[in-house]
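My structure is below; once you've seen it, I'll send some questions.
Keep in mind that what you see is a predicted model, and the values were worked out from it rather than measured. The sequence lines fix the lettering, A, B, ..., with proteins before strands; numbering per chain opens at 1.
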Amino acid sequence: GESVGLHLPTLSVQEGDNSIINCAYSNSASDYFIWYKQESGKGPQFIIDIRSNMDKRQGQRVTVLLNKTVKHLSLQIAATQPGDSAVYFCAEKVAGFSGGSYIPTFGRGTSLIVHP
Amino acid sequence: NAGVTQTPKFQVLKTGQSMTLQCAQDMNHNSMYWYRQDPGMGLRLIYYSASEGTTDKGEVPNGYNVSRLNKREFSLRLESAAPSQTSVYFCASLPRERETQYFGPGTRLLVL
């Protein structure tokens with residue numbers, strides 16, 4: 001969802017539920033998308049990525065869905081665990097840039113809180 | 001491999017003081033980046049270095065300078081710290097021909 005002021009959107013779920021975190025991207029020329037997880041006091045860590053020629057990609061307990069028509073990305077976490085509590089960021093990369101000219105654009109993030 | 005390391009972990013400065021944030025990576029990555037992260041906001045790019053010997057401005061470069069000392073190290077300098085520079089600073093690196101960045105643990109800076 002959209003964030004207001006300085007507060008991140010927050011998603012609260014119960015342990016064992018499935019979580020869906022959404023991200024709207026801005027550039028129709030973006031061809032590569034990444035989800036990062038950032039735990040409190042740590043740097044972002046890669047979770048899963050997807051290219052624009054795909055609409056779904058699955059990892060271990062995580063699935064990323066891409067809807068290019070509405071420029072929307074989602075991260076689904078199955079059987080959410082307390083260790084999944086973190087801030088989740090999406091990032092997009094514009095086609096044609098690679099290597100040193102690769103400058104991804106980061107979303108503001110969503111805070112996931114998992115209640116035991 | 002230690003990955004991306006940053007020092008110090010935490011620093012308190014007075015307005016007008018200077019300091020250098022250090023970043024090093026042992027993965028032989030070509031590109032390195034400095035970001036700042038403020039409460040409720042995403043990562044904003046300060047400077048980046050596509051390769052050893054080159055640096056370029058990002059979205060919010062004012063008040064900062066950088067040095068790509070060698071392939072491993074990329075430092076960020078605040079010449080005259082201001083309270084607006086209170087933030088968490090992350091360094092990241094990127095291997096050649098890859099598109100996923102590796103991030104350090106961050107430096108928490110408080111400017112009084």
Exercise. Between A/Y32 and B/T100, is any side-chain donor less than 3.5 angstrom from a side-chain acceptor?
Worked result: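 Indeed, the side chains of A/Y32 and B/T100 share at least one donor-acceptor pair under 3.5 Å.
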Problem set entry | ILVMFWY cluster, B/V66 and B/Y35 together (side-chain gap under 4.5 Å) |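 As far as the 4.5 Å side-chain criterion goes, B/Y35 and B/V66 are not connected within one cluster.
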Exercise. Backbone N or O of B/L43 within a donor-acceptor pair of the A/R108 side chain at under 3.5 Å?
Worked result: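 No, the answer is negative, given that no donor and acceptor are paired below the 3.5 Å cut-off.
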Exercise. So what's closer than 4.5 Å to chain A heavy atoms on B/R108: side chain, backbone, both or neither?
Worked result: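 For B/R108, the side chain is the part near chain A, not the backbone.
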Problem set entry | Contact origin within A/Q45 toward chain B - heavy atom pairs under 4.5 Å |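 Neither part.
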For this session: Report yes or no: do B/Y47 and B/L78 belong to one cluster of Ile/Leu/Val/Met/Phe/Trp/Tyr joined by side chain heavy-atom distances under 4.5 Å?
Result: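 Linked within one cluster.
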Exercise. If you tally heavy-atom pairs under 4.5 Å against chain B, which of A/Y36, A/F46, A/F89 wins?
Worked result: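 Top option by heavy-atom pairs under 4.5 Å: A/Y36.
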Exercise. Is there a chain of hydrophobic side chains (I, L, V, M, F, W, Y, each step under 4.5 Å between heavy atoms) that links B/F74 to B/L45?
Worked result: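 The answer is no; the residues belong to distinct hydrophobic clusters.
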For this session: Could you grab the distance from atom CD1 of A/I103 to atom CD of B/E59, nearest 0.5 Å is fine?
Result: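 So the gap between those two atoms works out to 11.0 Å.
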Exercise. Side chains of A/K42 and B/F90: does their closest heavy-atom pair fall under 4.5 Å?
Worked result: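 Contact flag for A/K42/B/F90 side chains = no.
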Exercise. So what's closer than 4.5 Å to chain A heavy atoms on B/Q6: side chain, backbone, both or neither?
Worked result: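 Interface part for B/Q6: neither.
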Exercise. Would a hydrophobic clustering, with Ile, Leu, Val, Met, Phe, Trp and Tyr connected at side-chain separations under 4.5 Å, put A/L65 with A/F33?
Worked result: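 No.
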Problem set entry | Co-membership, hydrophobic cluster, residues B/V88 and B/I46, 4.5 Å side-chain |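 No, separate clusters.
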Exercise. More than 12 heavy atoms of other residues, nucleotides or ligands under 6.0 Å from NZ of B/K57: is that the case?
Worked result: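 Atom NZ in B/K57 is not crowded, with 12 or fewer foreign heavy atoms closer than 6.0 Å.
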